[in-house]
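Beneath this line is the structure, given in structure tokens, with notes to follow.
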Amino acid sequence: MGRRKLVVGNWKMNGLKAQLGEVEDIGALAARHPAVEVGLCLPATLIAPAQGVKGAAFIGAQDCHMHGSGAHTGCLSAAMLAEAGAGWTIVGHSERRQDQGETDADVAAKALAAKAAGLKVILCVGESLDVRDAGHAESVVSAQLLASLPQGAAADWLAIAYEPIWAIGTGRIPTMEAVEAMHRALRAALATKIGAEADGMRILYGGSMNGDNAAELLAIGDVDGGLVGGASLTAAKFAPVIAAAC
């Protein structure tokens, strides 16, 4: 399909200016692996400071508001993030869906707002352990994806990240067969909505990818990269993940 691998670190609520050296080192790693698109979704406070050290990596945000301005204390619009230097943003991460009660409609609206501000988007979907154990994971996550998908979804500005929610931060991952089945199901679901465009859409794996399991996960046909948490906080831990994507 010719889909370039996309490996993105999500630093979540981690990182002060003291960690900008890690950003610089990860940017240098990206320069050494030009076949892979490498990025870091940083806390908003680091987006602007990272511009001078990011090297070949792109800098993204972890969320954006669906409105361009207004009485939304503590929130950041997509235009604000773009002005700070973000080129991408995550929307619909499981932690925001759970902790902030974001709906599929909210996620779709945020994705559209990001696109309007010139940002590319990583849209997250995933299932709980209860859904997985009940045998409904593929149908539930596919339905969530279609309900969260913004109008005009296209591979040149949108990527999907599959998060088995029960695996994040636990070190547990689904079997490789289960990952393959889910990514295949998500691509099929995309095809029902956007047709042949689905072939070019990158679908990332977002469940505790690290240097030990990245090569096996990234070898799966419909796994087009990773949304990486803890293993992206240092260049030393992120390096084998990036290398595995080559």
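- In this structure, S142 contributes its side chain and S139 its backbone to no donor-acceptor pair below 3.5 Å.
- In this structure, the side chain of D133 does not engage the main chain of D130 through any donor-acceptor pair within 3.5 Å.
- T192 places a side-chain N or O within donor-acceptor distance of the main-chain N or O of A189, the cut-off being under 3.5 Å.
- You'll find the side chain of K110 stays beyond 4.5 Å of the side chain of H65, heavy atoms only.
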- Item | V8 vs L40, side-chain contact (heavy atoms from CB on, under 4.5 Å): CA-CA, chis, key distance, verdict | CA-CA 5 Å; V8 182; L40 291 172; over 6 Å; no
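- A salt bridge links E37 with R202: the distance from a Lys NZ or Arg NE/NH1/NH2 to an Asp or Glu carboxylate oxygen falls below 4.0 Å.
- Scanning all heavy atoms of the two residues, the minimum distance from A78 to A113 falls at CB-O, 3.6 Å.
- Around atom CD of Q151, no more than 12 heavy atoms belonging to other residues, nucleotides or ligands sit under 6.0 Å away.
- Looking at I59 and L42, their side chains come closer than 4.5 Å, going by heavy atoms from C-beta outward.
- Closest approach of P43 to N14, counting heavy atoms only: CG-O, 3.0 Å.
- You'll find the side chain of V228 stays beyond 4.5 Å of the side chain of N210, heavy atoms only.
- Here the side chain of Q51 pairs a donor or acceptor atom with the backbone of I47 at under 3.5 angstrom.
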inquiry  = Set out, in order, the CA-CA distance, both residues' side-chain angles and the distance that settles salt bridge (charged side-chain N to carboxylate O under 4.0 Å, His left out) for R184 and E138, then state yes or no.
reply    = CA-CA 9 Å; R184 184 170 58 244; E138 291 170 28; over 6 Å; no
Test salt bridge (charged side-chain N to carboxylate O under 4.0 Å, His left out) on R187 and D224 and set out the steps.
-> CA-CA 11 Å; R187 197 170 305 282; D224 303 310; 2.7 Å; yes
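- Salt-bridge formation is detected for the pair R96/D63: a Lys NZ or Arg NE/NH1/NH2 atom is positioned less than 4.0 Å from an Asp or Glu carboxylate oxygen.
- At least one side-chain heavy atom of W88 sits under 4.5 Å from a side-chain heavy atom of I122.
- When the salt bridge (charged side-chain N to carboxylate O under 4.0 Å, His left out) test is applied to E95, the partners found at least two apart in sequence or on another chain are K12.
- Distance alone, capped at 3.5 Å, places no donor-acceptor pair between the D25 side chain and the E22 backbone.
- Remark: K54 does not engage E24 in a salt bridge, criterion side-chain N to carboxylate O under 4.0 Å.
- Side-chain atoms of E163 come within 3.5 Å of backbone N or O of S94 as a donor-acceptor pair.
- Using a 4.5 Å heavy-atom cutoff, the side chains of W166 and S128 are not in contact.
- Side-chain contact between K237 and L233: absent, with no pair of heavy atoms (C-beta onward) separated by less than 4.5 Å.
- Side-chain atoms of K5 and L218, non-hydrogen and from C-beta on, do get closer than 4.5 Å to each other.
- The backbone N or O of I203 lies less than 3.5 Å from no partner atom in the side chain of R3, so there is not a single donor-acceptor pair.
- Between the side chain of E180 and the backbone N or O of D222 there is no donor-acceptor pair closer than 3.5 Å.
- Ring geometry for H67 against H72 counts as parallel: the plane angle stays under 30°, on a 0 to 90° scale with 60° as the upper cut.
- Taking CG of L227 as the start and CD1 of I90 as the end, the distance is 5.0 Å to the nearest 0.5 Å.
- No donor-acceptor pair under 3.5 Å is formed between the side chain of R132 and the backbone N or O of A137.
- Side-chain atoms of H33 come within 3.5 Å of backbone N or O of L29 as a donor-acceptor pair.
- Both the sub-6.0 Å distance and the 45° axial angle are satisfied by K115 relative to the ring of W157.
- Under the 4.0 Å criterion applied to side-chain N and carboxylate O atoms, D106 and R97 are not assigned as salt-bridge partners.
- Few gaps surround CD on Q98; more than 12 heavy atoms of other groups in view lie less than 6.0 Å from it.
- Looking at L158 and P150, their side chains come closer than 4.5 Å, going by heavy atoms from C-beta outward.
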